[in-house]
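Just so it is clear, the structure is predicted and the values come from calculations on it, not from any experiment. We number each residue from 1, following the sequence as shown.
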Amino acid sequence: MKPSPFDIAAETYDKDFTHSLIGQMQRKRVWQFLMPLLQSYQRPLNILEINCGTGEDALQLAKLGHNVTAMDASEQMILKAKQKKPESIVEDKLPRFITSSFSQIADYDFKKPFDLVISNFGGLNCVDENDIRLLSKNLSHIVTTNGTLFLVVMSRSCLWEMLYYSLKGRFNKAFRRLQRSIPFRLHEHVMQIFYYAPRQLTKLFLPAFTRVQTQPVGLFIPPSYLETTFAKRLTLLKALNQWEIKFGFPFLSSLADHYCVILKKQPQA
C-alpha cells in the first residue's frame with residue numbers, strides 16, 4: 001500500500017486538532033449523539049472504526065467495554081494510535097489497529113460481524129461517489145442485521161466558512177465546498193476532497209442502508225482552522241458551544257462544518 005498523505009500530518013494531528021479547544025468541542029458534540037446510540041444496545045458491541053486517525057475515539061470506545069477494530073490508511077496515524085495505552089483499558093481490551101484503506105475492507109476476514117461502524121471527522125470526504133457506493137456494498141457484508149453506521153462528514157454548505165471568507169473578500173474559498181471536489185494540499189501531497197450534502201450521502205448508501213437521523217456538528221462551533229482566533233476569545237467560544245447545544249437543530253445539519261448521519265442496515269441487504 002502506498003504511503004498516505006496523512007503520514008506527515010500524524011506527527012502533529014493531536015496537537016493541531018484532537019487537543020485543540022475547537023477539536024475537543026466538536027468531538028464532544030459528536031459523542032453527544034454517539035452515546036445514546038451505544039447505550040440503546042445495553043451490551044458490549046463489536047465495533048469497526050474506519051479512518052480512525054490517532055485512535056482517540058477507538059480508545060474511548062474500548063474504555064467503555066466495547067470490542068473495537070480500528071483502521072486507517074495512514075501507517076503513521078496507526079503507529080500513533082498504538083502508542084496510546086490508557087491505564088483504564090486492560091491489555092486484552094485494547095483496540096485492534098490495522099493499516100488499511102476503505103477499498104481494502106473486503107480483503108479482511110473479520111471472523112465476527114460488526115454491530116456498529118464509525119467514521120468520524122471527514123474520512124469519507126477523501127473518497128468519491130463510486131468509492132462510497134463500493135464501501136456501502138462492502139459494509140453490508142460485514143455488518144449485522146439491523147446494524148448501524150455512524151458517520152461524521154464535512155458538509156457542502158458550511159455557513160461559518162461562507163461568512164468568514166466572504167467578509168475577507170475571499171469568495172473562492174467562501175464557496176469552495178459547493179464544487180464537486182477541490183484539490184487539497186497536505187505538505188507535498190495534493191489530494192481531492194469531495195463534499196456531500198446529507199441527502200446526497202444518504203442516497204449513496206442505498207439500498208443497503210437507510211437514514212435514521214442527521215445532526216449538525218459545528219453549526220455554531222467554528223471550524224478548527226479558526227482555533228488561533230478563538231483561543232483569544234474563550235468567552236465567545238464557550239457561548240457558541242452553548243448555542244450549538246440549544247439551537248443545533250437537525251434541519252440545519254447541511255449548514256454545519258460537519259454533520260452526523262446515522263444509517264441502519266436494511267434486513268434484505
Pairs where residues 43-66 contributes a residue and the test ring pair (Phe, Tyr, Trp, His ring centres under 6.0 Å) is met, not counting sequence neighbours: none
Inter-residue atom distance C126.SG - Q192.CD, 0.5 Å rounding: 11.0 Å
Pair S103, S101: side-chain N/O donor-acceptor within cut-off below 3.5 Å: yes
Aromatic contact, F175 with Y165 (centres under 6.0 Å): no
Distance (rounded to the nearest 0.5 Å) between S74 OG and Y13 OH: 11.0 Å
With W160, the side chain to side chain contact (heavy atoms under 4.5 Å, CB included) member among L240, L255, L219, I221: L240
Contact list for residues 38-59, test side-chain hydrogen bond (donor to acceptor under 3.5 Å, both in side chains), sequence neighbours left out: D14-T54, R27-D57, W31-D57, Y41-T148, R43-D115, N51-S119, T54-K84, E56-K84, D57-N120
Parallel, tilted or perpendicular, as decided by the 30° and 60° cut-offs, for the rings of F110 and Y108: parallel
CD (E11) with more than 12 external heavy atoms under 6.0 Å: no
Criterion salt bridge (Lys or Arg N to Asp or Glu O under 4.0 Å) on D257 and R177, from CA distance to verdict: CA-CA 10 Å; D257 183 27; R177 296 195 189 192; 2.7 Å; yes
side-chain hydrogen bond (donor to acceptor under 3.5 Å, both in side chains) involving N130 - partner list, sequence neighbours excluded: R133
Spatial distance of atom OG1 (T214) from atom CG (L252) [nearest 0.5 Å]: 12.0 Å
K93 and N67 side chains, donor-acceptor separation under 3.5 Å: yes
Single hit among V68, L94, L64 for side chain to side chain contact (heavy atoms under 4.5 Å, CB included) with L59: L94
Side chain Q26, main chain P222, donor-acceptor under 3.5 Å: yes
Main-chain N/O of S166 paired with R170 side-chain donor or acceptor, under 3.5 Å: no
